[in-house]
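For ligands, and for the atoms within them, numbers begin at 1 and follow the listed sequence. Please read all numbers here as calculations on a predicted model, not as lab measurements. For reference, positions follow the sequence shown, starting with 1.
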Amino acid sequence: MISKSKALKGNSTKVYIKTFGCQMNKLDTELSIGSLAKKGYSFAEEEKDADVILLNTCSVREKAEHKVYSQLGSLRDQKEKNPKLILGVLGCMAQNEGDKIFKRMPHVNLVCGTRMFSRLPELLDEISAGNKRILAIDEDGEVNFDRLVTQRQNRYSAFVSIMRGCDNYCSYCIVPYVRGREFSRSVTEIVDEVKKLADDGCKEVTLLGQNVNSYGKGLSGKVTLATLLRELDPIDGIERIHFITSHPRDMTKEIIEAVGELPGVCEYLHMPAQSGSDRILKKMKRQYTSAHYRELVDMAKSIVPGIKIASDFIVGFPGETEEDFQETVSLLNDVRCQNSFIFKYSPRTGTAAIDLVDDVIEETKKSRNHIMLELQKKISSEENIKMHGKSVEVLVEGESKSNAGRLIGRTRQNQIVAFSPPEGVGQEGVTSALPGTLVNVEIVDSTDLTLFGDLRDFTLNELAH
Ligand code: SF4
């Protein structure tokens, strides 16, 4: 990701940040851009024009780290031509690999872990002043939540971090080791940030946390995700509130009721199941059963009409038999997720599961992955066909890249909708005025991934926003 901002007087250093991985990393990049901009740094459009290149990295899979090492290798030439260039590795991989990065890539100047983002401007200043190499991976460092609301990629939609870290230690996951223990932000801080975002034109916020529905742990009084949603819902200007990612063990009736009652909170739950086999869930240390997962989905569907569920699944976990796999297939069939992220298990150094024998052969993993992808595709197509003839509220994002001449947006349930612009709105109107508008679209066609529709009850006056 690249972002631009105005340089303050006295600092013409141009920074380029490339982001790998999840939404949390994208938000960390935004927060870093905010804190650097406050100190007068400006931002380059392209790597080649930068004085500082920072890679904000992901560690979830070893493959992701290899990708960063290979990128760092290819930046060696640029560094040789311009020895003043500052190269930094930020985030999860920095935390996980530490000074191994300097050993493998001696041309790197900065390794800055997940809890050290707030010190980024001062660390860069130190390097510019002659300190050639800094390792900053203190696990007790303060988490940076301070943002400049104007420094964000999308004017209408923003991520807001409400908690960090994870205490769950699922056996396949590196996150607790690189992001640290769970830490919840105060309600006041979050409400203030969302109000500022609303004042700056933001209409949709997505509350982020590795384990978002355990929000409130460690805060005084009875603070939960449900109570937070009730504080945020009345904020003027915020039309939609989402939250990701929910752990089934920490999902409560109170949260589901808040989703059902609060008009701004969207009818969408991203709640990874990972497996339908209790034996495998136990080996994964997920702390729930597939029956409990089904009960939660049933409760959500009965309390919140029209709610859509998204899930994650891992196939080929150590010891997964054909019978275990069929239980996963059956769970997906019963729950009928709107979409799922389906992964083949790969061992990750540093996790508990590394000690289990990775005994499901690659061919079987591939075949199970394919079966799940095909099943999800079938379910999504069937569910989308049920939407034909219905009118849905769409928050317009902009022009469609894959459907020329069409606009795209998302429903409250996070479904992509493509539709033609209203008559009388020219190219300029489409690109500059419609994004950020809420419109009603009648669905007339669909694929497994996209709904297609026509605008309904729309007047050009609605563009005045
Ligand atoms: S809940 Fe489990 S999978 Fe999710 S971040 Fe925490 S340890 Fe990883």
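Dense packing is recorded around NZ of Lys217, with more than 12 heavy atoms of other residues, nucleotides or ligands lying under 6.0 Å away.
A donor-acceptor contact under 3.5 angstrom links the side chains of Thr29 and Thr19, judged on distance only.
A ring pair (Phe, Tyr, Trp, His ring centres under 6.0 Å) check over residues 87-112, counting only residues at least two apart or in different chains, returns nothing. The ring pair (Phe, Tyr, Trp, His ring centres under 6.0 Å) contacts involving residues 290-338 comprise Phe317-Tyr345, where partners must be two or more places apart or lie in separate chains.
Put simply, the side chain of Arg115 gets close to the backbone of Arg179: a donor and an acceptor are under 3.5 Å apart. Judged by distance alone, with hydrogens and angles left aside, the side-chain atoms of Ser290 form no donor-acceptor pair with the main-chain N or O of Asp278 at under 3.5 Å.
Listed by chain and number, Cys173 SG are the protein N/O/S atoms closer than 2.8 Å to atom 8 (Fe) of ligand 1, with waters left out.
Remark: Arg412 engages Glu267 in a salt bridge (Lys or Arg N to Asp or Glu O under 4.0 Å) (not counting sequence neighbours).
With ligand atoms numbered from 1 in the order given, ligand 1 contributes 2 (Fe), 3 (S) to contacts under 4.0 Å with heavy atoms of Arg286. Set against the non-hydrogen atoms of His247, the atoms of ligand 1 under 4.0 Å away are 1 (S).
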